[in-house]
2 protein chains.
Amino acid sequence: MAATIRDITKMTGLSLATVSKYLNGGNVLPQNRALIENAIEELQYEVNEVARGLAKNCTKTVGVLIHNLDNIFAGSVIANIEDILRQHDYGTIVCDCRGDIELEEQEIKFLLSKRVDGIITIPTSGNSFYLNNAVIREVPIVLIDRTFEDRNFDCVIVDNIEASVQAVTTLINKGHSKIGIICGDDNEYTARKRLAGYYKSLEANNIKIELNYVKRGSLTVEHGYHATKELLTVSNRPTALYLSNYEITLGAIIAINELGVNFPEDISIIGFDNLMLSKIVKPTLWTIVQPMEEIAASAANLMLKRLNKSETGEAVRVNLSTGLLTGESIKQLS
Amino acid sequence: MAATIRDITKMTGLSLATVSKYLNGGNVLPQNRALIENAIEELQYEVNEVARGLAKNCTKTVGVLIHNLDNIFAGSVIANIEDILRQHDYGTIVCDCRGDIELEEQEIKFLLSKRVDGIITIPTSGNSFYLNNAVIREVPIVLIDRTFEDRNFDCVIVDNIEASVQAVTTLINKGHSKIGIICGDDNEYTARKRLAGYYKSLEANNIKIELNYVKRGSLTVEHGYHATKELLTVSNRPTALYLSNYEITLGAIIAINELGVNFPEDISIIGFDNLMLSKIVKPTLWTIVQPMEEIAASAANLMLKRLNKSETGEAVRVNLSTGLLTGESIKQLS
DNA sequence: GTGAAAGCGCTAACAG
DNA sequence: CTGTTAGCGCTTTCAC
């Protein structure tokens with residue numbers, strides 16, 4: 001059995017209160033301080049955070065709930081959040097709900113029963129109903145990647161429509177009008193927005209929308225790969241492709257290479273998030289990049305502010321912009 | 001403030017013990033059961049797991065500590081572990097130590113102060129010193145991916161030497177003797193083993209080892225990419241490449257495609273772990289696969305057994321074998 | 001600055 | 001089956 005604070009009182013002859021005060025950074029006579037520190041060393045004492053959590057009604061942990069852990073975006077965001085939180089002595093309980101709405105609701109219950117001090121989440125569900133209990137208990141919540149229409153929450157998002165506009169406009173400015181898009185399907189919030197941005201910029205430039213240039217599917221390498229092969233063999237094939245997420249970009253590159261098609265000569269492309277590819281592929285890739293670390297940092301810091309009450313106002317909405325990484329993968333059409 | 005068990009006693013007129021018994025699955029008179037269930041519904045009561053944890057001296061959470069969260073292997077293993085544990089009512093506190101030994105030690109302290117019931121970890125450190133406190137407190141530990149020489153722990157590993165032997169022997173059986181390897185560097189446990197397996201099978205077949213066929217580096221796409229380019233331009237270039245990890249395989253494929261080199265005609269390759277690639281690349285890829293879900297399941301189940309004391313003996317060592325996925329990426333030399 | 005005592009929400013004997 | 005009671009390990013008044 002691990003040593004308790006009581007063992008320290010016995011060893012030092014001091015009282016519970018004094019030792020506790022020391023542990024919480026209070027003032028103690030130098031001689032007593034020495035006694036306590038010695039005892040702690042001797043006994044290998046470490047605070048029992050469970051007991052402390054009960055006494056203080058706060059656990060110094062935040063729950064992070066996402067749709068899928070084995071995914072680059074989520075993995076990297078979580079790793080960074082965890083990092084920052086830890087530096088402020090907060091632990092992180094990670095749950096992944098596998099894109100399942102029922103599980104998502106259960107996981108929130110689970111996190112609440114663990115009495116997390118706050119919840120950071122990339123929502124799966126389309127409405128915020130599943131967060132009711134957390135709201136009632138006044139557990140701070142920070143949303144990442146999306147918001148809800150039905151209620152305001154703190155959130156950290158990027159403007160996905162604008163990201164697409166950036167990408168597509170870049171292509172248009174280089175003379176392209178036959179532009180394909182490979183994207184997720186309509187029940188994905190970010191996919192919907194990105195597709196909307198694609199439509200928006202085509203319309204703004206009076207370019208007719210070709211429905212067979214739009215390849216909806218899953219957000220996977222497979223979809224990127226197959227959709228690219230299809231788009232490259234379609235009659236009246238597009239001159240440029242907008243690859244609207246990390247995995248899709250990867251799949252597309254593999255398909256293009258495999259077909260022996262060259263970019264930018266035969267096809268122009270602009271990718272998404274795939275820094276790894278943009279760094280190593282030759283010719284280099286034009287890429288839309290989400291500020292993943294900034295997203296993580298904003299979410300973590302916003303949460304920290306809610307936790308230490310330095311932010312108490314209305315729901316704050318952090319809007320980050322995507323960046324545009326220039327490359328050589330887009331051909332200038334005359 | 002959330003409702004407590006005491007609120008339920010007031011509402012039902014029953015005692016603490018009865019309600020507690022109900023909550024823990026004990027027998028209660030039907031009428032009382034109804035009363036309690038009604039009160040729970042009414043009050044939106046949920047067990048405070050922190051209080052329960054203190055009373056029971058067990059928290060129903062296990063800590064998972066790994067070197068790097070934004071990595072396919074770790075991400076996918078953790079996602080699966082979390083899944084299984086959750087189904088048994090265990091939560092998961094995830095920490096990533098960024099491959100830093102000092103952080104690793106701190107994280108263990110952190111997990112212990114949170115009183116996790118068990119720890120599952122992919123070790124970073126070369127010795128088990130940092131686990132001392134956990135051992136003393138008799139917190140069950142399950143290692144993944146590697147073991148220590150200095151002390152026996154429960155562990156779930158694959159035979160990395162054998163994996164390499166499988167890969168290299170496959171190449172040799174198809175008539176290759178000029179075989180390159182791209183791998184991690186010597187301070188990576190698994191990389192060392194995989195390289196050792198490479199040497200082993202060459203020696204077993206009396207094939208002379210060419211040191212410039214061995215490309216050590218980081219376990220990254222970049223390394224796979226650049227090393228491949230180097231190996232393909234070296235004089236007396238190898239006829240086959242063994243790509244000894246996921247990221248390296250990905251980088252190599254990109255490099256090969258980019259160079260306009262064809263496999264298996266111009267170069268034979270066998271990859272590692274990259275199921276995604278082996279599924280979508282044409283010609284299909286020969287691939288060594290680690291049973292990631294099985295690794296996760298074994299680790300989680302072993303932990304569960306330790307936790308419920310159904311396994312109490314000596315350290316158990318689960319040895320899983322890698323599989324060989326056949327493909328078309330290896331040319332038969334006459 | 002220190003100590004005594006009550007309490008955080010729950011569990012677990014032990015009687016009844 | 002139910003109720004009483006005494007903790008689990010720590011924090012936090014409130015006197016001294």
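Per chain, numbering begins at 1; letters A, B, ... match sequence-line order.
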Starting at [atom1] of [X] and ending at [atom2] of [N], how long is that distance when rounded to a whole Å?
| X | N | atom1 | atom2 | answer |
| --- | --- | --- | --- | --- |
| B/Ile5 | C/dG9 | CD1 | C1' | 8 Å |
| A/Arg6 | D/dA6 | CZ | P | 15 Å |
| B/Asn24 | D/dC1 | CG | C1' | 16 Å |
| A/Asp7 | D/dG9 | CG | P | 9 Å |
| B/Arg115 | D/dC10 | CZ | C1' | 11 Å |
| B/Lys10 | C/dG9 | NZ | P | 10 Å |
| B/Leu23 | C/dA12 | CG | C1' | 14 Å |
| A/Lys21 | D/dT12 | NZ | P | 12 Å |

Partners meeting salt bridge (Lys or Arg N to Asp or Glu O under 4.0 Å) with B/Arg306 (sequence neighbours left out)
B/Asp154
Test salt bridge (Lys or Arg N to Asp or Glu O under 4.0 Å) applied to B/Glu49 - qualifying residues, sequence neighbours left out:
B/Arg52
Taking only the side-chain nitrogens and oxygens of [X], find out if one of them lies under 4.0 Å from OP1 or OP2 of [N].
| X | N | answer |
| --- | --- | --- |
| A/Thr18 | C/dG1 | no |
| A/Ser15 | C/dG3 | yes |
| B/Asn48 | C/dC8 | no |

Partner residues of [X] under the side chain to side chain contact (heavy atoms under 4.5 Å, CB included) criterion, sequence neighbours left out:
| X | answer |
| --- | --- |
| B/Arg192 | B/Asp186, B/Tyr189 |
| B/Ile5 | B/Leu16, B/Val19, B/Ser20, B/Leu23, B/Tyr45 |
| A/Glu42 | A/Met11, A/Asn38 |

Ranking D/dT4, D/dT11, C/dT11 by distance to the side chain of B/Ser20, first place goes to C/dT11
The nucleotide from D/dG3, C/dG1, C/dT11 with an atom nearest the side chain of B/Leu16 is C/dT11
Apply the test side chain to side chain contact (heavy atoms under 4.5 Å, CB included) to residues A/Ile144 and A/Ile66: give CA-CA distance (whole Å), side-chain angles for both, the deciding distance (0.1 Å), then the verdict.
CA-CA 9 Å; A/Ile144 290 182; A/Ile66 58 168; over 6 Å; no
Could you go through residues 90-100 of chain A and list every donor-acceptor pair under 3.5 Å that involves a side-chain atom there, pairing it with any protein atom two or more places apart or in another chain?
| unit_1 | atom_1 | unit_2 | atom_2 | d |
| --- | --- | --- | --- | --- |
| A/Asp96 | OD1 | A/Arg98 | N | 2.9 |
| A/Asp96 | OD1 | A/Arg98 | NE | 3.3 |
| A/Asp96 | OD2 | A/Arg98 | NE | 3.4 |
| A/Arg98 | NH2 | B/Ala79 | O | 3.0 |
| A/Asp100 | OD1 | A/Glu102 | N | 2.7 |
| A/Asp100 | OD1 | A/Leu103 | N | 3.1 |

Among residues two or more places apart or on two chains, list those pairs meeting side chain to side chain donor-acceptor pair (under 3.5 Å) that have a residue in residues 108-120 of chain A.
A/Thr59-A/Asp117
So side chain to side chain donor-acceptor pair (under 3.5 Å) across residues 132-147 of chain B, not counting sequence neighbours, yields B/Asn132-B/Arg151
Does B/Asn308 have any side chain to side chain donor-acceptor pair (under 3.5 Å) partners at least two apart in sequence or in another chain, and if so, which?
B/Ser310
DNA chain C contacts made by residues 51-60 of chain B, counting heavy atoms under 4.0 Å:
B/Ala51, B/Arg52, B/Ala55, B/Lys56
Can you find a side-chain donor-acceptor pair between A/Ser128 and A/Asp150 that sits under 3.5 Å?
yes
Would you indicate whether B/Lys60, at its atom NZ, is surrounded by more than 12 heavy atoms from other residues, nucleotides or ligands within a distance under 6.0 Å?
yes
Name every residue in residues 34-47 of chain B that has at least one heavy atom under 4.0 Å from any atom of DNA chain D, in order of residue number, or write none if there are no such residues.
none
Polar pairs (N or O, both sides) under 3.5 Å between protein and nucleotides 13-16 of chain C?
none

So A/Val28, base contact, sugar-phosphate only, or nothing? Heavy-atom distance under 4.0 Å.
sugar-phosphate
